[in-house]
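First up is the structure itself, then whatever we jot down about it.
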Amino acid sequence: NPGAIQPVKRMAHPLYVLGEAGVGLVLGSKPVYDGGFKLNFGAGLGMRLQTRLHLQLTGGYLMQDGGFDFERSSVVNTPDFGVRSAFNSLKPDRLHFIYGKFGAAYRIKRYSLSAHVGTQYLYGAQGWISIDEHSQVPLNDSHDSEYTWLKTDGLRKLQWWSDVSVGYMVFPRFYVQGGVGMYHSSLTVEDAALTEEGYYWNGKTGKYQPFITLNYLLHGK
């Protein structure tokens, strides 16, 4: 009976492994801070729920160079024959994160529309430590600065963000995506211990940050 003939469906494993590399742009906000850029490298898993709908979980390393302003400082006055004062300033210009994100992609032929939510953990910062000392007796001024790894007290360790992007399949295993990320957390955080020690600090960064990401299918279909 021809009506009883059923088409043969090809079985394919729904899981696949992908790698990603991206670059982002942080627009400047003069005169508060100049523009900067971001680089990220990572890998993750994807799962095909349907022919067009995919879920993805990825993570990796993220570096932000510039595109923010943060300074933590303190003033120490020491009475002597004359007042001696020291102004200490800590100012990072590069931040290092570990990130993770989860999202979905909807694919139509060679195009895709994606959305993610993610978090990034700050584990390191590089920048300048400056110490300016002033003495009244004898009259003397000195300045010392050093570029090094800095303590991250006063910076928010865990930041949340979301993004939307549009992708295009250049090759069967290679996608290029462009979109914009929106940060839902501030750059700084309150720290009672720092306040008690006499420190004061402030900082800002861009809330909306455009990016381009390259995705490559490492294993699977």
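No experiment lies behind these values; they were computed from the predicted model shown. Numbering starts at 1 and runs along the sequence shown.
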For the pair Glu196 (side chain) and Gly198 (backbone), establish whether a donor and an acceptor sit closer than 3.5 Å, ignoring hydrogens and angles. no
Side chain to side chain, Gln50 and Tyr106, heavy atoms closer than 4.5 Å: no
Should Thr205 and Gln64 count as side-chain neighbours, where that means a heavy-atom distance under 4.5 Å? yes
Are Leu25 and Leu214 connected in a single hydrophobic cluster, I mean Ile/Leu/Val/Met/Phe/Trp/Tyr linked by side-chain heavy atoms less than 4.5 Å apart? no
From the options Tyr111, Phe174, Tyr175, select the one residue that forms a ring pair (Phe, Tyr, Trp, His ring centres under 6.0 Å) with Tyr168. Tyr111
Same apolar cluster (I L V M F W Y, side chains within < 4.5 Å links), Trp201/Val189: no
Other residues, nucleotides and ligands only: do more than 12 of their heavy atoms fall within 6.0 Å of CD on Glu197? yes
Is a side-chain donor or acceptor of Arg72 paired with a backbone partner of Asp153 at a separation under 3.5 angstrom? yes
State, yes or no, whether a side-chain contact exists between Asp93 and Asp65 at a heavy-atom distance under 4.5 Å. no
Is any side-chain heavy atom of Gln126 closer than 4.5 Å to a side-chain heavy atom of His96? yes
Does atom NE2 (His184) have a neighbourhood of more than 12 heavy atoms from anything else shown, all under 6.0 Å? yes
Kindly give the heavy-atom pair with the smallest separation between Leu150 and Lys91, and that separation in Å. CD1-C, 4.0 Å
One should read off an interatomic distance between Phe97 CZ and Tyr123 OH, to the nearest 0.5 angstrom, of 10.0 Å
Could you tell me if the side chain of Val75 sits less than 4.5 Å from the side chain of Tyr200, heavy atoms only? yes
Minimum heavy-atom separation for Arg173 and His219, please, with both atom names. NH1-N, 4.1 Å
Residues, nucleotides or ligands: over 12 heavy atoms within 6.0 Å of Lys151 NZ: no
Show the numbers, then the answer: is there a side-chain contact (heavy atoms from CB on, under 4.5 Å) between Asn202 and Asp69? CA-CA 8 Å; Asn202 58 71; Asp69 175 75; 4.0 Å; yes
So which atom in Val164 and which in Ala115 form the shortest heavy-atom distance, rounded to 0.1 Å? CG1-CB, 4.2 Å
How about Val23 and Leu39: do any of their side-chain heavy atoms sit closer than 4.5 Å? yes
Check whether any side-chain N or O of Ser29 sits under 3.5 Å from a backbone N or O of Gly206 as a donor-acceptor pair, and report yes or no. no
What's the spacing between Thr213 OG1 and Asn40 CG if we round to 0.5 Å? 5.5 Å
Given the rule in the side-chain contact (heavy atoms from CB on, under 4.5 Å) test, do Glu20 and Lys101 qualify, once you have shown the distances and angles that lead to the verdict? CA-CA 12 Å; Glu20 67 177 14; Lys101 63 180 180 180; 3.5 Å; yes
Would Tyr33 and Lys204 count as a side-chain contact (heavy atoms from CB on, under 4.5 Å) if you check the C-alpha gap in whole Å, the side-chain angles of each, and the deciding distance to 0.1 Å? CA-CA 8 Å; Tyr33 58 85; Lys204 291 183 179 180; 4.3 Å; yes
OG/Ser112 to CD/Gln177 distance, rounded to the nearest 0.5 angstrom? 5.0 Å
As an exercise, state the distance from CD of Gln209 to OH of Tyr183, rounded to the nearest 0.5 Å. 5.0 Å
Are Met63 and Leu158 connected in a single hydrophobic cluster, I mean Ile/Leu/Val/Met/Phe/Trp/Tyr linked by side-chain heavy atoms less than 4.5 Å apart? yes
Walk me through whether Leu122 and Gln159 qualify under side-chain contact (heavy atoms from CB on, under 4.5 Å). CA-CA 8 Å; Leu122 175 66; Gln159 301 179 12; 5.5 Å; no
With a 3.5 Å distance limit and no angle check, can you tell me whether Ser114 reaches the backbone of Ser165 through a side-chain donor-acceptor pair? no
Are Ile129 and Leu155 connected in the hydrophobic side-chain network, where two residues link if heavy atoms are under 4.5 Å apart? yes
Does Leu49 share a hydrophobic cluster with Val117, counting links as ILVMFWY side-chain heavy atoms below 4.5 Å and allowing steps through other members? no
So for atom CD1, which belongs to Ile212, do other residues, nucleotides or ligands contribute more than 12 heavy atoms lying within a distance under 6.0 Å? no
Enter the distance from Asp163:CG to Met182:CE here, rounded to the nearest 0.5 Å. 10.0 Å
Taking the side chain from Arg107 and the backbone from Thr51, do they hold a donor-acceptor pair closer than 3.5 Å? no
So which atom in Arg94 and which in Phe68 form the shortest heavy-atom distance, rounded to 0.1 Å? N-CZ, 3.8 Å
In Å, rounded to the nearest 0.5 Å, how long is the span from CD of Glu71 to OG1 of Thr188? 13.5 Å
Parallel, tilted or perpendicular for Tyr99 and Trp161, by the 30°/60° rule? tilted
Give the minimum heavy-atom separation between Ala21 and Phe41, together with the two atoms involved. CB-CD2, 3.9 Å
